[in-house]
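No experiment lies behind these values; they were computed from the predicted model shown. Residue numbering restarts at 1 for every chain, and letters A, B, ... go by the order of the sequence lines.
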Amino acid sequence: MNYNVLSDEKGKGLIKAWTKGVPFEPEAEKQVRKAAQMPFIYKWIALMPDVHLGKGATIGSVIPTKGAIIPAAVGVDIGCGMMAVQTSLTANDLPDDLSKIRLAIEMACPHGDFSSRAANHKKGGWKEAPAAIEKAWEGLDEAYQKIIAKNPQAETRRHPMQQLGSLGGGNHFIELCLDEANRVWIMLHSGSRGIGNRIGMSYINQAKKDMEKWMINLPDKDLAYFPEGTEHFDDYCDAVQWAQDYAKTNRFMMMENLIQELRKSEILPTFTTNKMAVNCHHNYVEKENHFGENVLVTRKGAVRTREGELGIIPGSMGAKSFIVRGKGNQESFCSCSHGAGRAMSRTAARKMYSVEDQIKATEGVECRKDSGVIDEIPMAYKDIEDVMAAQNDLVDIVHTLKQVVCVKG
DNA sequence: ATGTCC
């Protein structure tokens, strides 16, 4: 077996952990053991090899539930995930000076704080949403109106259309990568931006209030849940599904716009897009059928990999990434890891490493190398090779990618 | 992760 089985002394609180040969912090284990105690967990919690302590729920966990949903398990970055596209370009088509490409990407896509020089960007989004964005928003607007009518607290000061097709900050990034045959890929990582955050936060607080009202005691406040059949259960399901759609559209629009702007920039020869390796969430909840039963599956830092389904497992700034094909492993509820997983906290990484370390670790990658991105240093993450080895019964590797340009939010 | 406030 490729997984370890954990449970309490009564044989309850079952966990199947794909953590052989990778670090697994005791704090993360303690956290996930609490979640596994919840009475509405269906069968067991599956842990992916990138497991680490998270806020609310353990990152790298697959939590199937029946009759209840835990909003803090999905978290605030609802629908966060990856998208990658293979282009007709090869390494030879790239200019010697990759900084031109990095600048073109930074000018094309609103990212991070207001660091962009693009006339149509402002802090966190668009000054004036481009026509294509307005059009994409039309498909989201009707459901959005219902969501904020039900939950006015979810409304953001700035309209979510202004952030559709924008990257965000933290670990969200856009990369140009080369695969094993030197083909160029465009890959990106982003989520549901401000609106998803607000939706997530408001329902996490609502669930905590509901638990107090019903005097339900929990091993951890962040395990507050909505029981099926209660008012907020349905509202949350609708809202979280909408935020996931928004996140997916956000990634799609960003990719479309990037391709268009890279073509316009004339830095690269004429190119087409060949292959899309899905646009997959790794922070989400979905109704799925497992072992013949309909259940809710929350993947917190995990990717769904049904048999033949493609997924993306990104490594850190200086490491490889993988396009994978699912093996449909039932024991994992058809899942794999969402990355390498942090080996140390951002604070610890900032304390341990210097800008010089970061420059060395990201050699050959056209990216920011200042003090602001030290917490993203590859050494702060688990070894991606070990992580891939620990889940070789969950996925096959289809493509191995190495970034040459990276834009961090 | 985000937005807001320090």
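Atom CD1 in A:I199 sits roughly 14 Å away from atom P in B:dT2 (whole-Å rounding). Look at CZ on A:R157: it is 12 Å from C1' on B:dC5, rounded to the nearest Å. Rounding to whole angstrom units, OH of residue A:Y246 and P of B:dT2 are separated by 11 Å. Straight-line distance from the NZ atom of A:K122 to the C1' atom of B:dG3: 14 Å, rounded to whole Å. Between the CD1 atom of A:I204 and the C1' atom of B:dT2 there is a distance of 12 Å, given to the nearest Å. Summarising the geometry, the separation between CD1 on A:I195 and P on B:dA1 is reported as 18 Å, rounded to the nearest angstrom. Taking atom OH on A:Y284 and atom P on B:dA1, their separation rounds to 19 Å, with Å as the unit. If you take CE of A:M82 and P of B:dA1, they are 13 Å apart, rounded to a whole angstrom.
Contact annotation for A:R193: backbone-only contact, meaning every heavy-atom pair under 4.0 Å involves sugar-phosphate atoms and none involves a base.
Listed nucleotides: B:dA1, B:dT4, B:dT2. Nearest to the side chain of A:K123: B:dT4.
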Legend entry - Stepwise salt bridge (charged side-chain N to carboxylate O under 4.0 Å, His left out) test for A:E293 and A:K66: CA-CA 9 Å; A:E293 291 191 67; A:K66 258 195 106 146; 2.4 Å; yes

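Relative to the six-membered ring of A:Y246, A:R193 misses at least one condition, a distance below 6.0 Å or an angle of at most 45° to the axis.
Salt bridge A:E309/A:R325: absent, no basic N to carboxylate O contact under 4.0 Å.
Between B:dG3 and A:Q163, a contact under 4.0 Å exists linking OP1 or OP2 to a side-chain N or O.
Mapping A:R198 and A:H172 onto DNA chain B by nearest heavy atom places A:H172 closer to the 5' end of the strand.
At a cut-off of 3.5 Å, with distance as the only test, a side-chain donor of A:H399 or A:E180 sits close to an acceptor on the other residue.
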